[in-house]
Protein chains: 2
Amino acid sequence: MSVGGPTGDDLVEMLAALANPIRLRIVATLAGRRDYVSQLARELGVSRPLLHMHLRRLEAAGLITGRLELSDEGKAMKYYEVTDFDLHLTASAVAEAVQTLTRPDPGKGPAPKEST
Amino acid sequence: MSVGGPTGDDLVEMLAALANPIRLRIVATLAGRRDYVSQLARELGVSRPLLHMHLRRLEAAGLITGRLELSDEGKAMKYYEVTDFDLHLTASAVAEAVQTLTRPDPGKGPAPKEST
DNA sequence: TTCACGTGTAAGGAAAAAATGACACGTGAA
DNA sequence: TTCACGTGTCATTTTTTCCTTACACGTGAA
C-alpha cells in the first residue's frame, strides 16, 4: 500500500510549489488544457516574468512540464501541461516521508539548550 | 465523491503549513503519540519559541490540535496531537479547489499589459 | 529564596520568496 | 523599417518566513 510516495525532500518541494494561489491557479488552468506562456499570463492576469518564475518552480517540483514548439507562423511557443501527479497526504504518509528528509534544517546538533 | 475537500484558501494554508521540514517532522512525530511542547522541542532539537511558532501555524491550518492540561505536579502542559486529515491532491482536485480561492492575489485587474 | 521545568510572547535580524521593470533576441506582416 | 507577438533573463525592491534572544509568569521541591 501507500505508493511509497516521494522522498521527504521532494515532498517539501511539491508542497511548497503548490502552496501559492497563483501556482495553484496555474495548475488548475493547465488541468483543463495545455497552454503557452504568454496566453497563460493573459488568462491569469500576471506578468510574464512573474509567471515564468512560477512555472519554473512548478516544473522543478515535477508538477508540470513544458516544451518548446514551433507554431505555423514560425514562432517559438512554450507549451506547458500538468503531469498526472497524485499526492495522498495523511499523518502517517507524512511520517513515512519524513524518514527520507535530508534537510533536518536545524543545526543538527543535539539541541539548542537554553536554560542551562 | 471526492470529499469535497477544503476551500482554495484553506488548501493553500494547509499546503503552506506542510511545506516545511520542521513542521513536517512535527506532524510525523505527533502521528505516533501526542506530546507536550517542551518535550517535543527537545526531541526535534529546536528552540521552544521556534517550535511554538510552527505549532501555531500547523494548528491554524487544522492539521494539529493542542489543549492545556494540568499534570499531577500541577504544571500546565500543552499537549498536541494530529487531526486525521486526509488530503488527496491531483490536478483535478486542485482545479476544483481553485474555484473557491478568494485570494487571486494579483491586482485582480484584467492584466498588467506590458507591451501595449 | 532559589532552582528546575512548564507555559507564553515580543523585538529584531537574517534569509528566502514574490513581484516589478527594463532589457535582449527572433519572426512574420504591414 | 517598424510593429505585434513570441521567447527569455537580469537587477532590484518589496514582502514573508524563519529564527534567535530576551523576557514574563506559574508551580513544586530543595
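Naming: A, B, ... by sequence-line order, numbering from 1 per chain.
Separating the CG atom of B:D72 from the P atom of D:dA29 is a distance of 11 Å, rounded to the nearest angstrom. Protein atom CG of B:L15 is 16 Å distant from nucleotide atom P of C:dA17, rounded to whole Å.
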*Can you give the dot-bracket line for DNA chain D, using ( ) for pairs inside the strand, [ ] for pairs that cross earlier ones, | for pairs with another strand and . for unpaired bases, where Watson-Crick and G-U count if both distances are under 3.5 Å?*
||||||||||||||||||||||||||||||
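When the nucleotides C:dG28, D:dT20, C:dA19 are ranked by their closest atom to the side chain of A:E73, C:dG28 comes out on top. Among the nucleotides D:dT9, C:dT7, D:dC5, the one closest to any side-chain atom of B:L68 is C:dT7. Distance from the side chain of B:M77 is smallest for C:dG6 among the nucleotides C:dG6, D:dG6, C:dA22. Closest contact between the side chain of A:S38 and the listed nucleotides C:dT20, D:dT27, D:dG6 involves D:dG6. For A:P49, whose side chain is taken as the heavy atoms from C-beta onward, the closest listed nucleotide among D:dT9, C:dA18, C:dG6 is D:dT9. Closest approach to the A:L50 side chain among D:dC18, D:dG6, C:dT20 is made by C:dT20 (side chain taken as heavy atoms from C-beta onward). For B:V37, counting side-chain heavy atoms from C-beta on, the closest listed nucleotide (C:dT20, C:dT7, D:dC18) is C:dT7. Of the candidates D:dG28, D:dG6, C:dT20, the closest approach to any side-chain atom of A:K75 belongs to D:dG6.
For C:dC5, the OP1/OP2 oxygens have no side-chain nitrogen or oxygen of B:R42 closer than 4.0 Å. Taking side-chain N and O atoms only, B:K78 has a distance below 4.0 Å to OP1 or OP2 of C:dG8. At D:dT7, none of the side-chain N or O atoms of A:Y36 fall inside 4.0 Å of OP1 or OP2 (strictly under the cut-off). Close to C:dC23, at under 4.0 Å from its OP1 or OP2, lies no side-chain N or O of A:R48. Taking 4.0 angstrom as the limit, B:N20 places a side-chain polar atom (N or O) nearer than this to OP1 or OP2 of D:dC18.
Taken together through direct or relayed side-chain contacts under 4.5 Å among Ile, Leu, Val, Met, Phe, Trp and Tyr, B:Y36 and B:V27 form parts of separate hydrophobic clusters. No path of Ile, Leu, Val, Met, Phe, Trp and Tyr side chains, each step under 4.5 Å between heavy atoms, connects A:L40 with A:M77, placing them in separate hydrophobic clusters.
A heavy-atom distance below 4.0 Å to DNA chain C is reached by these residues of residues 51-61 of chain B, ordered by number: B:H52.
Considering only residues two or more places apart in sequence or on other chains, B:E59 meets the salt bridge (charged side-chain N to carboxylate O under 4.0 Å, His left out) condition with none of them.
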